[in-house]
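Everything below concerns the one structure shown next.
Counting convention: from 1, in listed order, for ligands and their atoms alike. Excluded from the calculations below are hydrogen atoms, water molecules and symmetry mates; all remaining heavy atoms, backbone and side chain alike, are included.
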Amino acid sequence: MAERSKRDELQASLRRLPGVDKVLEMMLQDETAKRLPASLLTDCARKAVSQVRERVLAGEREIPSALETIVQGGVKEALRAVKPRLRRVINATGVVLHTNLGRAPLSETALQLIQESASGYSNLEFDLQAGVRGSRYSLVVEKICRLTGAEDAVVVNNNAAAVMLLLAAMAKGKEVVVSRGELVEIGGSFRIPAVMEESGAKLLEVGTTNKTHLRDYEAAISEETALLMKVHTSNYRIIGFTSQPEDADIVELGRRKAIPVVEDLGGGLLLPLALPGWQEPTVAEKIAAGFDLVTCSADKLMGAGQAGIIAGKRQYIEKIKKHQLLRALRIDKLSLAALEGTLCDYLVGKEEKIPVLRMLTATQETLANMQQQLAEELAPLEKKGWSIKKCEMSSMAGGGTLPEIEFASCGVAIIPPEAEAASVERHLRAWQIPIIVRVQEGRLLVDVRSLFPADAAEIAAACAAWEAERKR
Ligand SMILES: *Cc1c(COP(=O)(O)O)cnc(C)c1O
């Protein structure tokens, strides 16, 4: 008997659910939703009804079966479905090249060139002087050569692609000599031995993790050797009892044996960075040292968009450009515009317009001013029981670059009332412009180094909104 009445009750609940047509009709009364395609709205109405049906069937008691609630659910789902998922966020972590947050923010010049060249047609592969088909690879070559001293260059999708293409074109089926201390893994997916294997080149490891001598390279050279390869250990350092041959010596060895010497530089620094206690090599230094080819990323220390650059001797670049893989790894027009715009900033001597360089070289005074501004914006919360304290921070370059350097920075430690740091962190992440902060021992830490000028007010507004919700 009890069984039957339960079943009847369930049937009654299911019968009470509104039909999809009814829900759709009501959804169309929403001003924003009604402008969306009917097929999308129908789909969302169906989903909203079926979600409630599932809950009824699962035996849930308190179910918002009211038509109103289901309609709201449908509208919300439709609006969510058409909103871009890729969004701007505020990076309050102080990690300048945050790989999870899109690495390098672009300069105005780069953004303008993207807008200008991509909103209509462009000369991407059209030679305006000759009036015939041109090459996308030639657009930025002169600028890269001017900035690096290289004879020629080619750009591809990213540095992983640059390394892969270089190896496939120069060393397929032959041996590439690499020091055991330089078999790097970057970002969990780029590993030198794996890339080497994929490219068809054979890795010949020499030396040991901490010490590799010139004679190790020399002893490894045979008929089978295609390249001597250096890999910049951009995301780690081996310290202590270590040695690697000088650039000049390995270059000289390559010359003597008529074997090209290449380096995967990673970071792609174009100008020397004045960093206390550390000298990160520039692309120009490597070219000047005599490397035949150098590969690097465009969206790390160079501060442009995602791209990979191979720069060096013309005869090798020409060989690489003939390889079939180039077509599969080719750079798209938006990245090319981001790269060329950024290179223009370098060429006119306006590096300070490149966000990555501006952030990495920000003076203590600039940082302290931003810190002061942020603290002032947040100060009204102190009356509501929050603690707002200026603090010293230590930022990282990130993106697998400059691993050893801690950049002394300025920040603000925010302690919300009632030990609610985790709740505020979630609220900031869900904010209209999501704000990404570090949480440490119940404090939200904002490092000002990676902020843009308008971010301080946004962070304060988001915190104030959490406070207002708490009161309600
Ligand atoms: C970052 C890096 C790569 C990978 O570059 P992407 O542009 O991220 O593909 C390869 N090699 C080195 C040494 C790097 O630092």
Side-chain angles (χ1 to χ4, degrees), residues 95-106 140 144 153-168 170-171 176 178-199 201 203 205 227-238 244 247 261-270 273 278-283 285-287 291 293-312 320 325-326 328-332 334-336 338-339 342-343 356 360 396-405:
V95 181
V96 175
L97 293 165
H98 201 304
T99 299
N100 301 147
L101 304 182
R103 280 202 190 153
L106 299 178
V140 289
I144 292 172
V154 60
V155 286
V156 288
N157 197 23
N158 55 21
N159 187 34
V163 175
M164 170 81 87
L165 177 61
L166 184 158
L167 292 171
M170 304 277 295
V176 178
V178 184
S179 160
R180 287 203 168 83
E182 298 179 349
L183 298 174
V184 310
E185 170 179 312
I186 311 267
S189 54
F190 178 91
R191 308 175 101 191
I192 285 290
V195 173
M196 194 78 75
E197 198 177 323
E198 284 297 324
S199 74
L203 172 64
E205 303 173 26
L227 296 173
L228 302 183
M229 184 180 194
K230 294 272 297 168
V231 182
H232 185 52
T233 54
S234 40
N235 61 352
Y236 67 96
R237 294 283 173 259
I238 297 173
Q244 296 286 336
D247 285 352
V261 184
V262 303
E263 174 150 0
D264 173 18
L265 191 53
L269 191 61
L270 285 181
L273 271 186
W278 185 251
Q279 199 60 48
E280 184 72 7
T282 63
V283 183
E285 274 167 46
K286 293 291 173 179
I287 297 290
F291 282 90
L293 293 169
V294 175
T295 62
C296 67
S297 265
D299 60 348
K300 291 185 182 171
L301 298 171
M302 197 176 290
Q306 183 185 305
I309 297 174
I310 311 177
I320 288 169
L325 258 186
L326 180 62
L329 305 176
R330 85 176 177 189
I331 186 167
D332 98 299
L334 303 186
S335 311
L336 201 55
L339 177 58
T342 308
L343 295 177
V356 168
L360 286 176
M396 302 287 290
T401 63
L402 314 177
E404 269 183 323
I405 306 177

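- Counted within 6.0 Å of CZ on Arg191, heavy atoms from surrounding residues, nucleotides or ligands total 12 or fewer; the atom is thus considered open.
- Leu325 contributes atom CG, which lies 11.0 Å from atom CD1 of Ile320 (distance to the nearest 0.5 angstrom).
- At distances below 3.5 Å, not a single donor-acceptor pair connects side-chain atoms of Asn159 with backbone N or O atoms of Ala162.
- Between Lys300 and ligand 1 there is a heavy-atom distance shorter than 4.0 Å.
- Looking at every heavy atom in both residues, Cys296 comes nearest to Gly268 through CB-CA, 3.5 Å.
- Nearest heavy atoms, Leu269 versus Glu280: CD2-O, 3.5 Å.
- Of the protein's non-hydrogen atoms, Ala160 N, 2.9 Å is the one closest to atom 9 (O) of ligand 1.
- Closest to atom 5 (O) of ligand 1 among all protein heavy atoms lies Asn159 CB, 3.1 Å.
- Remark: distances from the non-hydrogen atoms of Met164 to ligand 1 are all 4.0 Å or more.
- The single protein non-hydrogen atom nearest to atom 7 (O) of ligand 1 is Ser297 OG, 2.4 Å, given as residue, atom name and distance.
- Residues Met229 and Val176 share a closest heavy-atom pair of CB-CG1, 3.6 Å.
- The two atoms that bring Ile186 and Lys300 nearest to each other are CG2-NZ, 4.2 Å, heavy atoms only.
- When non-hydrogen atoms are compared, ligand 1 lies under 4.0 Å from neither the backbone nor the side chain of Glu185.
- The backbone N or O of Glu185 sits less than 3.5 Å from a side-chain atom of Asn235, completing a donor-acceptor pair.
- Listed by atom number, the atoms of ligand 1 under 4.0 Å from Arg103 heavy atoms are 6 (P), 7 (O), 8 (O).
- Here the heavy atom of the protein found nearest to atom 11 (N) of ligand 1 is Asp264 OD2, 2.6 Å.
- Ligand-side atoms of ligand 1 in range of His232: 13 (C), range being under 4.0 angstrom from any heavy atom.
- Residue contact check for ligand 1: Ile186 places a non-hydrogen atom closer than 4.0 Å to it.
- Scanning all protein heavy atoms for the shortest distance to atom 15 (O) of ligand 1 gives Ser234 OG, 2.5 Å.
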